[in-house]
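A short write-up of the structure that comes next.
Whatever order the structure lists ligands and atoms in, that order sets their numbers, starting from 1.
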Amino acid sequence: MADIAVIGAGYVGLTTGTCLAHLGHNVTIADIDEIKVQKLNEGEVTIFEPGLSGLLTQGIENGNLKFVVGATSASRNAAFHFLCLPTPPNPDGSTNMEYFSSAIEEIKDILPPNSVIVNKSTLPVGTASQLKKQIQRTDVEIVSNPEFLSEGNAVQDFLQPSRIVIGAESQKAASSVAALFKDIDTTTQITGTESSELIKHTANAFLAMKLTFINEIATLCELVGANVLDVAEGIGYDPRIGSTYLRPGPGWGGSCFPKDSSSLLQTANKAGFDFELLEKAITLNQKHLQRTAQKVVNALPQGKEPENSKIAALGLTFKAGTDDLRSSPSLTVIEHLFNLNGRVSAYDPMVNLPIENMSKLEITSTAYEAANNADALVILTEWQEFADLNFERIREAMRHPIVVDARNLLNPQDLELLGFQYIGLGQ
Ligand code: UGA
């Protein structure tokens, strides 16, 4: 079993470190946030991720997992150093490498001989070779091993992945990293570092493009009287297309798709390639988010101006199953509603505090409270809790029983029977 340092205790670092400990490795996770480290050592998980808490407690109890402050303390005695650091976007969409550069500066001289640095975060093509130059250590290898963890399902994605991709310049380094995952039953693909880095960006950009496509088809369905759910089902039976990532929504978002597709676009630009298809997928997504807001305003009762209406929004995180608000489509739609002079009260099972820079947004502690006196209600994320609401109670609370279902979560017939005007997406 290997001695592993994981630098960064965010979504990726915590899941990676905890799961590596679960596989039997001796893992030390480092973060700069002292309070976070203290909480984690006491077994308190700082994010919402199903299944993580149990594995983390197990890891601490069996001695495989511990948390320390600072990369140096974790890396000093480790053979593998997983970098799980933030990669925020620069204003031009390219990836900000600040966190990576400073972590490398911090650990490069204390790394034990023949260490392997493993880049887990999503990084632009060429990062591994750049870091190799920065580190100036011939004995240290830099390997790219991108994560394919979807929030809310991250533990399962780690332990039962669709594939493991390892990009390395030497077979020895690739095999040593592959050996860490030997108990995981999946295909392992070994490539050069550039291809591995590009695989990750391409996967996210492709899925984002697929979503833009189905959202565009949803709009077309509304115009021609088709139902996008039937269309998605019909094309999904074709294994060349596949049935996943075909659920239309208010627009795609989250901490990865927007950032990664913009970063890939920048990579293409820098390489002198005008990646028009990807650029269009990004701008069409922005249009779709705007269109979702407009749809809510259009649904308001006749003669009701947005400024004299109240809109109830259900769902604030970027999708169900997470507490993550980063680049949330729900927040973008709500911002558009504000720009259209709407007044919004929102409920989300994971959010109970005011949201930064959204002082106009009223956050309620139940869906019924958000619906109180509302002229329209919009479903923005697909929490099962919203499908299970007592819609008779919702109807009684609302001033006008109008529902815009931007996730196609509810059953239109059921709502119509209860006296609602139901407006789905692409139906
Ligand atoms: C995504 C990828 O799915 C992971 O494979 C990847 O590892 C991760 O980014 C990352 O780069 O770290 P995640 O950001 O957790 O994972 O979110 P997804 O579940 O993929 O959803 C992204 C967006 O697409 C959300 O806004 C979601 O609501 C939307 N979506 C997804 C749809 O609108 N319809 C769908 O059918 C699927």
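The aromatic rings of Phe420 and Phe391 stand perpendicular to each other, their planes meeting at an angle above 60°, with 30° marking the opposite boundary. Between Phe257 and Trp252, the two ring planes are perpendicular [angle over 60°; tilted spans 30° to 60°].
For Gly253, the closest heavy-atom approach to ligand 1 falls below 4.0 Å. In this structure, Gly254 has no heavy atom closer than 4.0 Å to ligand 1.
The backbone and the side chain of Glu147 each have at least one atom closer than 4.0 Å to an atom of ligand 1 (non-hydrogen atoms only). Under 4.0 Å from ligand 1, the heavy atoms of Asn204 that appear belong solely to its side chain. Contacts between Arg407 and ligand 1, counted as non-hydrogen atom pairs separated by less than 4.0 Å, involve the side chain only. Using a 4.0 Å cut-off between heavy atoms, Leu211 contacts ligand 1 through its side chain alone, with no backbone atom that close. Proximity of Asp260 to ligand 1, defined as any heavy-atom pair under 4.0 Å, is confined to the side chain (atoms from C-beta onward).
Salt bridge status for Glu216 with Lys287: absent, with no side-chain N to carboxylate O gap under 4.0 Å. Between Lys319 and Glu151, none of the side-chain N atoms (NZ, or NE/NH1/NH2) sits under 4.0 Å from a carboxylate O, so this pair counts as no salt bridge. A salt bridge is defined here as a Lys NZ or Arg NE, NH1 or NH2 lying under 4.0 Å from an Asp or Glu carboxylate O, and Glu105 with Lys108 meets this definition.
A 6.0 Å sphere centred on CZ of Phe213 holds no more than 12 heavy atoms belonging to other residues, nucleotides or ligands.
Under the 6.0 Å distance and 45° angle rule, Arg326 does not count as a cation-pi partner of Phe318.
Between the choices Lys319, Lys200, Lys210, the shortest heavy-atom distance to atom 17 (O) of ligand 1 belongs to Lys319. The option with the heavy atom closest to atom 3 (O) of ligand 1, from among Phe148, Tyr245, Tyr11, is Tyr245.
The atoms of ligand 1 that sit less than 4.0 Å from any heavy atom of Glu151 are 15 (O). Atoms of ligand 1 lying under 4.0 Å from any heavy atom of Trp252, numbered from 1 in the order shown and given with element: 24 (O), 26 (O). Listed by number with element, the atoms of ligand 1 under 4.0 angstrom from any heavy atom of Leu246 are 36 (O). Atoms of ligand 1 lying under 4.0 Å from any heavy atom of Ser150, numbered from 1 in the order shown and given with element: 15 (O), 16 (O), 19 (O).
Smallest separation of non-hydrogen atoms from Lys36 and Thr46: CG-CG2, 3.8 Å.
Residue Phe318 has at least one nitrogen or oxygen atom sitting less than 3.5 Å from a nitrogen or oxygen atom of ligand 1, judged on distance alone.
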